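Excluded from the calculations below are hydrogen atoms, water molecules and symmetry mates; all remaining heavy atoms, backbone and side chain alike, are included. Just so it is clear, the model here is predicted, and its values are computed rather than measured.
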Amino acid sequence: KATIKDNTISDNTAKTNGGAIFVEGSNAVISANTITNSKASKNGGAIHLVGKSNTVSYNTIDKCSATNKGGGISVEGDSVKIQYNNICYW
């Protein structure tokens, strides 16, 4: 189980998916992070998840973008819990 918590992540670029965070697997917890100015050439400007039973909560995501889908968060999988996030683009 991977846990990514209480971090400030900024100014990242991915050539494919997950500008700041890319998770492939199950039961990951991504919580209470601030992610800004990140981008992906495909999916998930801030976060891209592949798998099941992952949780994304209480994050602030700002000024993140993706060329294809999920400027803030992109998901490929089942039973993903995404709650109480502040996602904006100013």
Side-chain angles (χ1 to χ4, degrees):
K1 176 179 170 179
T3 300
I4 302 169
K5 185 175 180 181
D6 295 321
N7 296 287
T8 299
I9 304 168
S10 62
D11 302 313
N12 294 283
T13 301
K15 291 183 181 180
T16 57
N17 300 315
I21 298 171
F22 180 100
V23 173
E24 186 170 3
S26 299
N27 301 309
V29 176
I30 301 170
S31 181
N33 299 287
T34 300
I35 304 170
T36 57
N37 297 319
S38 294
K39 59 185 175 180
S41 294
K42 290 189 179 179
N43 305 313
I47 301 168
H48 183 72
L49 301 168
V50 179
K52 60 183 180 178
S53 301
N54 294 304
T55 301
V56 180
S57 60
Y58 300 101
N59 297 286
T60 299
I61 298 171
D62 187 28
K63 296 184 184 96
C64 295
S65 62
T67 302
N68 193 16
K69 63 182 179 179
I73 301 169
S74 177
V75 176
E76 295 177 43
D78 299 351
S79 304
V80 175
K81 186 184 292 185
I82 299 173
Q83 60 186 10
Y84 311 116
N85 296 285
N86 182 12
I87 303 172
C88 54
Y89 189 89
W90 298 104

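In this structure, CD1 in I47 is found 7.5 Å from CD1 in I9, a value given to the nearest 0.5 Å. Rounded to the nearest 0.5 Å, atoms OG (S31) and CG (N59) are 6.0 Å apart.
Partners of T60 according to the side-chain contact (heavy atoms from CB on, under 4.5 Å) rule, which considers only residues two or more places apart in sequence or in another chain, are T34, N86. Scanning for side-chain contact (heavy atoms from CB on, under 4.5 Å) contacts around N37 gives D11, K63, with sequence neighbours left out. For S38, there are no side chain to side chain donor-acceptor pair (under 3.5 Å) partners at least two apart in sequence or on another chain. Scanning for side-chain contact (heavy atoms from CB on, under 4.5 Å) contacts around S41 gives an empty result, with sequence neighbours left out.
Within the 4.5 Å cutoff, no side-chain heavy atoms of N54 are placed close to those of I30.
Judged purely by atom type and a 3.5 angstrom limit, N7 has no side-chain atom pairing as donor or acceptor with the backbone of N33. Looking at N85, its side chain does come within 3.5 Å of a backbone N or O of V56 through a donor-acceptor pair.
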Show me the side-chain donor-acceptor pairs of residues 12-27 shorter than 3.5 Å, one per line, residues at least two apart or across chains.
{"residue": "N12", "atom": "ND2", "partner": "S10", "partner atom": "O", "Å": "3.1"}
{"residue": "N17", "atom": "OD1", "partner": "N43", "partner atom": "N", "Å": "3.0"}
{"residue": "N17", "atom": "OD1", "partner": "N43", "partner atom": "ND2", "Å": "3.3"}
{"residue": "S26", "atom": "OG", "partner": "K52", "partner atom": "O", "Å": "3.4"}

For residues 70-80, run the donor-acceptor check on the side chains, cut-off 3.5 Å, and write out each pair with its distance to 0.1 Å, sequence neighbours left out.
{"residue": "S74", "atom": "OG", "partner": "H48", "partner atom": "ND1", "Å": "3.2"}
{"residue": "E76", "atom": "OE2", "partner": "H48", "partner atom": "NE2", "Å": "3.0"}

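I87 and L49 fall within the same hydrophobic cluster, defined by Ile, Leu, Val, Met, Phe, Trp and Tyr side-chain heavy atoms under 4.5 Å apart, directly or through other members.
Here the closest heavy-atom approach between residue C64 and residue G45 is recorded as CB-C, 4.0 Å.
Sorted by first and then second residue, the ring pair (Phe, Tyr, Trp, His ring centres under 6.0 Å) pairs involving residues 58-77 (not counting sequence neighbours) are Y58-Y84.
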